[in-house]
Protein chains: 2
Amino acid sequence: MTVPRPAGPGYLADPVLRPATVADAVFTRLRDAVLSGDLAPGDPLPGERDLAESFGVNRHAVREALRRLEQVRLVAVRQGEQTRVLDWRRTSGLDLVLGLVDGDVLDTPTLTRDMLEMRACLGADAARLAADRADPAARRAVMDAVRAYDDAVSDIADLHDADIAFWRAIVEASDNVAYLLTFNSLVSHALAIAPVPSDHRADELLDIASHRQLAGHILEGRSADAHRVATSLLTRSIPLLEHHDPVTPSAAGERT
Amino acid sequence: MTVPRPAGPGYLADPVLRPATVADAVFTRLRDAVLSGDLAPGDPLPGERDLAESFGVNRHAVREALRRLEQVRLVAVRQGEQTRVLDWRRTSGLDLVLGLVDGDVLDTPTLTRDMLEMRACLGADAARLAADRADPAARRAVMDAVRAYDDAVSDIADLHDADIAFWRAIVEASDNVAYLLTFNSLVSHALAIAPVPSDHRADELLDIASHRQLAGHILEGRSADAHRVATSLLTRSIPLLEHHDPVTPSAAGERT
DNA sequence: GGGGAGCCACTGGTCCAACCAGTTGACCGC
DNA sequence: GCGGTCAACTGGTTGGACCAGTGGCTCCCC
């Protein structure tokens, strides 16, 4: 086997749940090459046969990797033509994020900051919408979630899980599928990127009172209050990470 | 060929840029089965060999489709075990959205509302961040974009493109990769879902003054003002779509 | 000489057939 | 009854052959 198995198969699953395959290795290699800029947008990829040979794998494995790269819109494939690299900054979706760390495109602190900002933005608006239009079942779920949050204070790890469940209930209550799906991406990638963010977020996580207050606002339809409290909760973790950021990559000026 | 080619290969590309393949057909069929609930979370899929036979295609085509389903976290695959259906409401990302229309999970008006809400939420915050920390090159790009916007007023289609370019410049200026990637998903899916949203958005698109004003706020670092103007611009299209929604998917409230 | 038709050498798309490698559970011997 | 073994699944990987679009080169005709 010429291609070493990657440590983790991307964001698909833990190595436990999903052992890396040959196609995973090819996918990871090509993805990183694209994200790091080794393969620039517009560049043609070698033919499938050439890739297979250079990676020392069968062509089918290469094809499966290319299918996944195509799925995340890193490359464009057309029969008869060469496979071309796309400009991921213009085409790819949020699910790509985890690869950005591996690809040395963004450092982890900056990426964490970005995702926390997004979390704050979405979470606050979801809380507002939830207060406005959550149906009874969704309100009950929020109530249950905040109650479970109370019971989790003893252990910080449990609290972290309860926090995710709490916000998931709110996002579900907002009845906005786009928010829900984005929340999924944030959660799965946040777990992979910052396994122990609890240190920085203790202030937020331990503020049981605000969580209960937020739930109350949602349950009683006070959307403006819900938005305010949610923003207060979600933004307090962000500035803490600023001075963790050693280099701000001003990713400007690429015109290609 | 037992499997009919799907009209469009999902959100990968136009049929022009990317003719549907056998694997696309299998992917679409299985995706819709999952999204529509025909295949419930936790259900095992038939074996690859069985699927290949029942679809009348080669096993490799099925495998490529499964790779893509796995990539969007609709299924979980492990060697030796059966492939299982995941709960997409808890696992999948925003890139799934377009499939939600085909899968009869959401009607187009509701989905459009959801994406417009998300656009408003992200766009306003991106404008705020852009005003706070855009680097000179990004500010210049915003300036150029609003200038190009002026020149596009003659044609509503051009205006639509210019609007996307304008917001892209702002999102780029916000220096938040998560926002950027989510913006990409919104743009590509919005184009596919609501090809002619111009009718409802004319009020927004034709408000050149606000666009120029917003750019000014960003260029001069007035983040609060930028946020306010952006919100004003982005929210005005949302309520217009409400009464386009024939069926409100809440438990009660049937109106003939 | 210029332009067009057609061939040919690419590209990716599809298929067949076999075998490898984990998982599971039934079966058989202790 | 318990435990090990083996067979029958599952997906993973490989090789090779052939189909099907594309694009460029060549060659012929005008």
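So you know, we letter chains A, B, ... as the sequences are listed, proteins then strands, and number each from 1.
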Taking atom types as modelled, is there a side-chain donor on Arg73(B) or Ser188(A) under 3.5 Å from an acceptor on the other? yes
Polar side chain donor-acceptor pair, Ser185(B) to Asp95(B), under 3.5 angstrom: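 Yes, because at least one side-chain N or O of Ser185(B) sits under 3.5 Å from a partner of the opposite role on Asp95(B).
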Given atom [atom1] of [X] and atom [atom2] of [N], what is their separation to the nearest angstrom?
X	N	atom1	atom2	answer
Arg68(B)	dG13(C)	CZ	C1'	14 Å
Asp50(B)	dC9(D)	CG	P	11 Å
Glu48(A)	dA20(D)	CD	C1'	13 Å
Phe27(A)	dG12(D)	CZ	P	15 Å
Asp24(B)	dG12(C)	CG	P	16 Å
Gln82(A)	dA9(C)	CD	C1'	13 Å
Arg49(A)	dT11(C)	CZ	C1'	7 Å
His60(B)	dT14(D)	NE2	P	11 Å

Proximal nucleotide (of [options]) relative to the [X] side chain:
X	options	result
Arg63(A)	dT14(C), dG12(D), dT10(D)	dT14(C)
Arg59(B)	dT13(D), dG13(C), dG15(D)	dT13(D)
Gln79(B)	dG12(C), dA21(C), dG23(D)	dA21(C)
Asn58(B)	dT23(C), dC15(C), dG13(C)	dC15(C)
Glu81(B)	dT22(D), dT23(C), dT10(D)	dT23(C)
Val22(B)	dG11(D), dG12(C), dC15(C)	dC15(C)
Thr83(B)	dG12(D), dG11(D), dG15(D)	dG11(D)

Listing request: all ring pair (Phe, Tyr, Trp, His ring centres under 6.0 Å) pairs with a residue in residues 31-52 of chain B, at least two apart in sequence or in separate chains. none
Glu81(A) atom CD: more than 12 heavy-atom contacts under 6.0 Å: yes
Would you list the atom pairs, donor with acceptor, under 3.5 Å between side chains in residues 55-64 of chain A and any protein atom, with sequence neighbours excluded?
{"residue": "Asn58(A)", "atom": "OD1", "partner": "His60(A)", "partner atom": "N", "Å": "2.8"}
{"residue": "Arg59(A)", "atom": "NE", "partner": "Glu48(A)", "partner atom": "OE1", "Å": "2.9"}
{"residue": "Arg59(A)", "atom": "NH2", "partner": "Glu48(A)", "partner atom": "OE1", "Å": "3.0"}
{"residue": "Arg63(A)", "atom": "NE", "partner": "Glu64(B)", "partner atom": "OE2", "Å": "3.0"}
{"residue": "Arg63(A)", "atom": "NH1", "partner": "Glu48(A)", "partner atom": "OE1", "Å": "3.1"}
{"residue": "Arg63(A)", "atom": "NH1", "partner": "Glu48(A)", "partner atom": "OE2", "Å": "3.1"}
{"residue": "Arg63(A)", "atom": "NH2", "partner": "Glu64(B)", "partner atom": "OE2", "Å": "3.4"}
{"residue": "Glu64(A)", "atom": "OE1", "partner": "Arg67(B)", "partner atom": "NH1", "Å": "2.5"}
{"residue": "Glu64(A)", "atom": "OE2", "partner": "Arg63(B)", "partner atom": "NE", "Å": "2.9"}
{"residue": "Glu64(A)", "atom": "OE2", "partner": "Arg63(B)", "partner atom": "NH2", "Å": "3.4"}
{"residue": "Glu64(A)", "atom": "OE2", "partner": "Arg67(B)", "partner atom": "NH1", "Å": "3.3"}

